[in-house]
Amino acid sequence: MARREETERMCALTRVEKPVAELIRFVLGPDDLLVPDTDAKAEGRGVWISLSRTAVAEAVKKNIFARSLKTAVRLPDDLPGLTELRLQQRYLSALGMARKAGQLTFGATKVRGLLATGDLVALITATDAAEDGRNKMLGPLKALHYAAAEEGIAGFSVPHFELLSSEQMGLALGIENVIHAALTRGAAAQAAVEKARRLAVFTAKPTETDTGRPAVDGDLLPEEQDERREIHG
């Protein structure tokens, strides 16, 4: 029988209940090896930890997994790193599905065209993109959000994700030099946005003055927003 879905679960590290979207689940695999269950669909009893690389590392340090499962647990050499890799793989897989569905556009010219019309649900930039090329995309993205705010369009948000290198994306998608891309409307694209958000939140580094919203380069946003790095919404 499939595990019953829950809207909230308790983080075993902090003992705080959170929506499952803000957590990641871990389960025992073969030979009692703990593995990340990134889609939260694996059978058996799991341990939920806040969606944060720092939180997973702290859970390892404090022996949270064995204590929560009440049994001996074997841990991978680098559980935080393995978890990040799995989240990256899920994101790249979702991008591949969006491409097959015709909801992923590549190339600076085509992406700028989508930014001009607002016909996109997310902007994607490679981490090794040139600064001038990045700025040529982010200027129109800012303009989209400003225009929506001036027109009083509630809930308008086109996130910008800068999470993986051009090589990582190119190898996964079978395309060379994936520097600029955009997700357009559709279920597959929305799934990719959700996977990207989870990866961004996991890799974000907390600060004393953060707002709890992740930046695409791995820091949480301070009160003074750096809009180039912001994940809007």
Side-chain angles (χ1 to χ4, degrees), residues 53 81 84-85 87-149 156-186 188-205 207 210-211 213-233:
R53 187 184 178 107
E84 182 174 344
L85 177 61
L87 290 169
Q88 288 178 354
Q89 290 170 339
R90 297 303 295 146
Y91 171 41
L92 287 168
S93 176
L95 286 179
M97 295 299 292
R99 183 191 178 199
K100 289 180 180 178
Q103 297 166 18
L104 183 62
T105 297
F106 303 97
T109 300
K110 291 181 179 179
V111 172
R112 279 197 296 268
L114 291 172
L115 284 166
T117 60
D119 293 329
L120 74 168
V121 297
L123 173 66
I124 298 170
T125 305
T127 55
D128 51 338
E131 189 69 19
D132 60 342
R134 179 186 291 108
N135 290 337
K136 287 177 181 178
M137 299 296 172
L138 295 176
L141 181 62
K142 285 184 184 181
L144 275 180
H145 286 93
Y146 290 149
F156 180 85
S157 175
V158 176
H160 169 224
F161 297 113
E162 190 173 335
L163 299 168
L164 301 173
S165 69
S166 58
E167 182 179 8
Q168 286 175 296
M169 291 190 288
L171 286 173
L173 297 170
I175 301 174
E176 292 186 5
N177 299 321
V178 180
I179 303 295
H180 303 289
L183 288 161
T184 55
R185 291 177 179 83
Q190 190 56 48
V193 169
E194 292 168 4
K195 297 295 189 299
R197 285 188 186 281
R198 284 183 64 77
L199 176 58
V201 172
F202 183 79
T203 57
K205 301 178 183 68
T207 65
D210 69 56
T211 62
R213 297 169 66 193
V216 293
D217 66 353
D219 291 322
L220 290 179
L221 293 168
E223 294 179 2
E224 294 296 326
Q225 303 293 318
D226 175 354
E227 293 189 37
R228 182 183 74 76
R229 299 183 297 117
E230 183 178 350
I231 292 180
H232 298 273

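Fair warning: this is a prediction, and the values are worked out from it, not measured in the lab. Worth knowing before you read on, the calculation uses all heavy atoms, side chains too, and leaves out hydrogens, waters and symmetry mates.
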Novice: Mind checking what makes side chain to side chain contact (heavy atoms under 4.5 Å, CB included) contact with Ala126, not counting sequence neighbours?
Specialist: Asp128, Ser166, Met169, Ile179
Novice: Is any side-chain heavy atom of Val193 closer than 4.5 Å to one of Arg197?
Specialist: yes
Novice: When rounded to the nearest 0.5 angstrom, what is the spacing between CE in Met97 and NZ in Lys195?
Specialist: 10.5 Å
Novice: Are side-chain heavy atoms of Thr203 and Arg53 found at a separation under 4.5 Å?
Specialist: no
Novice: Let me confirm one number: the CG-OG1 distance from Leu120 to Thr105, rounded to the nearest 0.5 Å.
Specialist: 9.0 Å
Novice: Could you tell me the separation between the CG atom of Leu171 and the CD atom of Glu176, rounded to the nearest 0.5 Å?
Specialist: 9.5 Å
Novice: For the OH atom of Tyr146 and the CG atom of Leu141, what is their distance to the nearest 0.5 Å?
Specialist: 10.0 Å
Novice: For the atom pair CG (Leu173) and NZ (Lys100), what is the distance rounded to the nearest 0.5 Å?
Specialist: 10.5 Å
Novice: Evaluate side chain to side chain contact (heavy atoms under 4.5 Å, CB included) for Gln89 paired with Leu85, printing each intermediate quantity in order.
Specialist: CA-CA 6 Å; Gln89 290 170 339; Leu85 177 61; 3.8 Å; yes
Novice: Nearest 0.5 Å, please: how far is CG in Leu123 from CG in Leu138?
Specialist: 6.0 Å
Novice: For Arg185 and Gln103, what are the C-alpha separation, side-chain angles and deciding distance, and is it a side chain to side chain contact (heavy atoms under 4.5 Å, CB included)?
Specialist: CA-CA 7 Å; Arg185 291 177 179 83; Gln103 297 166 18; over 6 Å; no
Novice: Under the side chain to side chain contact (heavy atoms under 4.5 Å, CB included) criterion, do Leu163 and Ile124 qualify, and how do the steps go?
Specialist: CA-CA 8 Å; Leu163 299 168; Ile124 298 170; over 6 Å; no
Novice: Of all the heavy-atom pairs spanning Pro140 and Asn135, show the shortest one and how long it is.
Specialist: CD-O, 4.4 Å
Novice: Under 4.0 Å between a Lys/Arg side-chain N and an Asp/Glu carboxylate O for Glu131 and Arg134?
Specialist: yes
Novice: Where is the tightest heavy-atom contact between Gly102 and Thr184, given as atom of each residue plus distance?
Specialist: O-OG1, 3.9 Å
Novice: More than 12 heavy atoms of other residues, nucleotides or ligands under 6.0 Å from CD of Glu167: yes or no?
Specialist: no
Novice: For residues His180 and Thr125, determine if any side-chain heavy atom of one lies less than 4.5 Å from a side-chain heavy atom of the other.
Specialist: yes
Novice: Looking only at heavy atoms, which two atoms of Val121 and Ala189 are closest? And how far apart?
Specialist: CG2-CB, 4.1 Å
